[in-house]
Undergrad: 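Below you'll find the structure I mean.
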Amino acid sequence: MATPDLTTNQTAGDDHGCERTISALHPDIIRAHILARLDGPRPSGLISAVDIFYQGKLVLSKIEETETLSEWFLCSPFLVELIDPKDPIPTDIRRAAVPGDDDGAWLKHLEENVTLSWILIDPNLKRAANVSSRRPVSVNRHWLTGEIQLRFSTVMTGAREVVQCGLVVTCGGDTDKERGKMHVREVGLHVEDMEGRHLKGSESLVILGNAIEGGGRRKVRKSREGKERYEEYLGLRRESVWLEREERVRIRTRV
């Protein structure tokens with residue numbers, strides 16, 4: 001069987017030897033999860049090829065298929081989850097990599113040393129795009145659980161407004177007392193609008209489909225570029241909320 005011309009957009013310039021073609025993935029993964037589907041009946045979903053690195057070393061690699069035709073998917077908030085929180089993935093990342101008990105320095109260390117590649121593949125178009133900012137745009141502890149949340153983001157254009165493709169990696173097991181190895185508890189992708197509302201599957205499919213066909217995120221030319229775009233997006237969102245609040249005040253005043 002001849003290998004189809006399956007191309008991926010805008011992955012050049014990433015670390016870890018990312019290339020412009022899906023052939024950068026392991027051949028067994030290509031045969032088992034991608035090529036086997038392209039010559040059969042019309043596929044009905046998206047494929048996620050996800051890699052997480054720490055200091056250039058692979059921490060997690062996973063392929064996930066998402067069915068996109070059911071009524072439940074189309075009407076529910078769009079979410080791709082790679083890991084069951086009850087079955088976390090162990091890593092070799094240790095809190096001891098940063099001396100002392102300065103939690104801020106530890107979170108900064110993770111921001112500078114963890115990278116994420118999330119390639120979305122459309123088997124129908126035989127095209128793909130990396131929707132990750134590559135480096136985290138923020139690293140924080142969850143206010144309740146104390147787990148670390150590394151947020152990655154790509155800002156996209158929706159039907160009527162700017163939207164965000166948000167990717168969150170949640171890790172635990174790094175407390176000062178334990179000094180143990182971190183484990184990855186959750187890895188997820190969603191799409192949200194300017195109000196922070198998670199878009200439904202039907203809405204997200206259109207946005208992600210346009211991103212895949214149009215090239216996904218632009219090539220990141222410097223390490224902070226993704227974070228700067230995310231901060232600009234947050235600024236636009238705050239401005240949008242303020243304008244909406246002012247409009248409601250004007251309407252009540254007229255009444």
Side-chain angles (χ1 to χ4, degrees), residues 8-10 33-34 37 41-50 62-86 116-133 136-138 140 142 149-170 185-218 226 229-245 247-248:
T8 181
N9 293 309
Q10 302 301 321
H33 297 278
I34 301 175
R37 304 183 65 218
R42 181 179 177 84
S44 59
L46 293 174
I47 300 174
S48 295
V50 181
K62 189 172 177 61
I63 297 287
E64 183 76 15
E65 292 189 46
T66 303
E67 182 276 329
T68 60
L69 291 183
S70 69
E71 190 72 19
W72 179 87
F73 171 86
L74 295 173
C75 297
S76 301
F78 174 77
L79 178 64
V80 178
E81 295 181 293
L82 298 187
I83 299 175
D84 186 338
K86 298 179 181 178
L116 168 70
S117 171
W118 192 306
I119 298 175
L120 274 182
I121 304 165
D122 186 327
N124 295 318
L125 295 176
K126 299 182 182 179
R127 295 179 66 85
N130 197 335
V131 295
S132 172
S133 54
V137 296
S138 69
N140 299 289
H142 189 277
Q149 293 184 319
L150 300 98
R151 179 176 296 276
F152 304 78
S153 171
T154 295
V155 178
M156 303 175 176
T157 302
R160 296 179 299 275
E161 62 180 357
V162 176
V163 299
Q164 175 204 181
C165 179
L167 311 95
V168 180
V169 178
T170 302
R185 291 182 54 83
E186 297 178 15
V187 182
L189 177 151
H190 67 275
V191 180
E192 65 181 63
D193 63 13
M194 293 289 284
E195 297 178 355
R197 178 179 66 93
H198 287 207
L199 300 186
K200 296 183 297 185
S202 57
E203 299 169 303
S204 300
L205 272 183
V206 174
I207 294 168
L208 295 174
N210 290 338
I212 292 173
E213 191 167 5
R217 64 168 172 79
R218 293 177 298 169
R229 292 177 191 162
Y230 176 70
E231 291 173 347
E232 290 174 1
Y233 167 80
L234 292 181
L236 289 172
R237 192 163 75 176
R238 287 190 293 268
E239 181 180 353
S240 175
V241 170
W242 182 83
L243 291 174
E244 183 178 347
R245 186 183 301 117
E247 181 63 22
R248 288 199 297 265

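Positions are given from 1, in the same order as the sequence printed here. Since this is a predicted model, take the numbers as computed values, not measurements.
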Undergrad: For Asp193 versus Tyr233, what's the shortest heavy-atom pair and its separation?
TA: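 Nearest heavy atoms, Asp193 then Tyr233: O-OH, 2.9 Å.
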Undergrad: Would Val163 and Leu199 satisfy side-chain contact (heavy atoms from CB on, under 4.5 Å), going step by step from the backbone distance to the final call?
TA: CA-CA 9 Å; Val163 299; Leu199 300 186; 4.3 Å; yes
Undergrad: Leu74 vs Leu205, test: side-chain contact (heavy atoms from CB on, under 4.5 Å). Steps then yes/no.
TA: CA-CA 9 Å; Leu74 295 173; Leu205 272 183; 4.1 Å; yes
Undergrad: Without swapping roles, check the side chain of Asn130 against the backbone of Ser117 for a donor-acceptor pair under 3.5 Å.
TA: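 Such a contact is absent between Asn130 side chain and Ser117 backbone.
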Undergrad: Taking the side chain as every heavy atom from C-beta outward, state whether Val187 and Thr170 have any atom pair closer than 4.5 Å.
TA: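 Contact flag for Val187/Thr170 side chains = no.
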Undergrad: Mind checking the OH-CZ spacing from Tyr230 to Arg151? Nearest 0.5 Å is all I need.
TA: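 One finds 5.0 Å between OH of Tyr230 and CZ of Arg151.
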Undergrad: Side chains of Phe152 and Val169: closer than 4.5 Å at any heavy-atom pair?
TA: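 Side-chain contact under 4.5 Å: yes.
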Undergrad: Can you name the nearest heavy-atom pair linking Ile212 to Ala129, along with the distance?
TA: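 Minimum heavy-atom contact is CA-CB, 3.9 Å.
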Undergrad: Looking only at non-hydrogen atoms, find the nearest pair between Gly45 and Thr68 and report the distance.
TA: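 That closest heavy-atom pairing would be CA-OG1, 3.4 Å.
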Undergrad: Any side-chain to backbone donor/acceptor pair from Ser48 onto Ile63? Under 3.5 Å, distance only.
TA: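 Answer holds: no.
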Undergrad: Report the residues that fulfil side-chain hydrogen bond (donor to acceptor under 3.5 Å, both in side chains) with Glu186, sequence neighbours left out, ordered by chain and then residue number.
TA: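 In terms of side-chain hydrogen bond (donor to acceptor under 3.5 Å, both in side chains), with neighbours along the sequence ignored, Glu186 is linked to no residue.
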Undergrad: Could you pull out all residues at least two apart from His198 that satisfy ring-ring contact (aromatic ring centres under 6.0 Å, His included)?
TA: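 For His198 the ring-ring contact (aromatic ring centres under 6.0 Å, His included) partners, ignoring immediate neighbours, are His190.
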Undergrad: Taking the basic N atoms (NZ, or NE/NH1/NH2) and the acidic carboxylate oxygens, is any pair closer than 4.0 Å for Glu192 and Arg237?
TA: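 Salt bridge between Glu192 and Arg237, a charged N being under 4.0 Å from a carboxylate O: yes.
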Undergrad: With side chains defined as the heavy atoms from C-beta onward, is the minimum distance between Asp122 and Arg127 less than 4.5 Å?
TA: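 Side chain of Asp122 against side chain of Arg127, heavy atoms only: no contact under 4.5 Å found.
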Undergrad: Show the nearest heavy-atom pair for residues Val155 and Arg229, with the distance to one decimal.
TA: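 Of all heavy-atom pairs spanning Val155 and Arg229, the closest is CG2-O, 4.0 Å.
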Undergrad: Roughly how far, to the nearest 0.5 Å, is the CG atom of Asn210 from the CE atom of Met156?
TA: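 It is 10.0 Å, given to the nearest 0.5 Å.
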Undergrad: Between Asn140 and Gln149, is the side-chain contact (heavy atoms from CB on, under 4.5 Å) condition met? List the steps.
TA: CA-CA 5 Å; Asn140 299 289; Gln149 293 184 319; 5.6 Å; no
Undergrad: Could you tell me whether the side chain of Ile119 reaches within less than 4.5 Å of the side chain of Val131, counting heavy atoms only?
TA: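 They are not in contact (no side-chain heavy atoms under 4.5 Å apart), so the answer is no.
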Undergrad: Could I get the full list of side-chain hydrogen bond (donor to acceptor under 3.5 Å, both in side chains) partners for Ser70, not counting sequence neighbours?
TA: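 Ser70 satisfies side-chain hydrogen bond (donor to acceptor under 3.5 Å, both in side chains) with Glu67 only.
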Undergrad: Output all residues satisfying ring-ring contact (aromatic ring centres under 6.0 Å, His included) with Phe78, sequence neighbours left out; order by chain, then residue number.
TA: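 For Phe78, the residues satisfying ring-ring contact (aromatic ring centres under 6.0 Å, His included) (neighbours in sequence not counted) are Phe73.
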Undergrad: In chain order, what residues pass the salt bridge (charged side-chain N to carboxylate O under 4.0 Å, His left out) check against Arg185, with sequence neighbours excluded?
TA: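 Arg185: salt bridge (charged side-chain N to carboxylate O under 4.0 Å, His left out) contacts with Glu147.
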Undergrad: Would a distance-only check, ignoring hydrogens and angles, find a side-chain to backbone donor-acceptor pair under 3.5 Å from Glu203 to Lys200?
TA: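 Such a contact is found between Glu203 side chain and Lys200 backbone.
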Undergrad: Taking Leu116's backbone N and O only, do any of them form a donor-acceptor pair with Ser132's side chain (distance below 3.5 Å, no angle check)?
TA: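 At least one qualifying donor-acceptor pair exists.
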Undergrad: Are Leu120 and Ile47 close enough that some pair of their side-chain heavy atoms sits under 4.5 Å apart?
TA: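 Side chain of Leu120 against side chain of Ile47, heavy atoms only: no contact under 4.5 Å found.
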Undergrad: Within the structure provided, determine whether Leu79 and Leu189 are in side-chain contact (heavy-atom separation under 4.5 Å).
TA: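 No - every pair of side-chain heavy atoms lies 4.5 Å or more apart.
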Undergrad: Check whether Ser133 reaches the backbone of Gly226 with its side chain - one donor and one acceptor, N or O, closer than 3.5 Å.
TA: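 Flag not set: sc Ser133 to bb Gly226 has no pair under 3.5 Å.
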Undergrad: For Glu64, what residues pass the salt bridge (charged side-chain N to carboxylate O under 4.0 Å, His left out) criterion, not counting sequence neighbours?
TA: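 Testing Glu64 for salt bridge (charged side-chain N to carboxylate O under 4.0 Å, His left out), a comparison that skips the adjacent residues, returns none.
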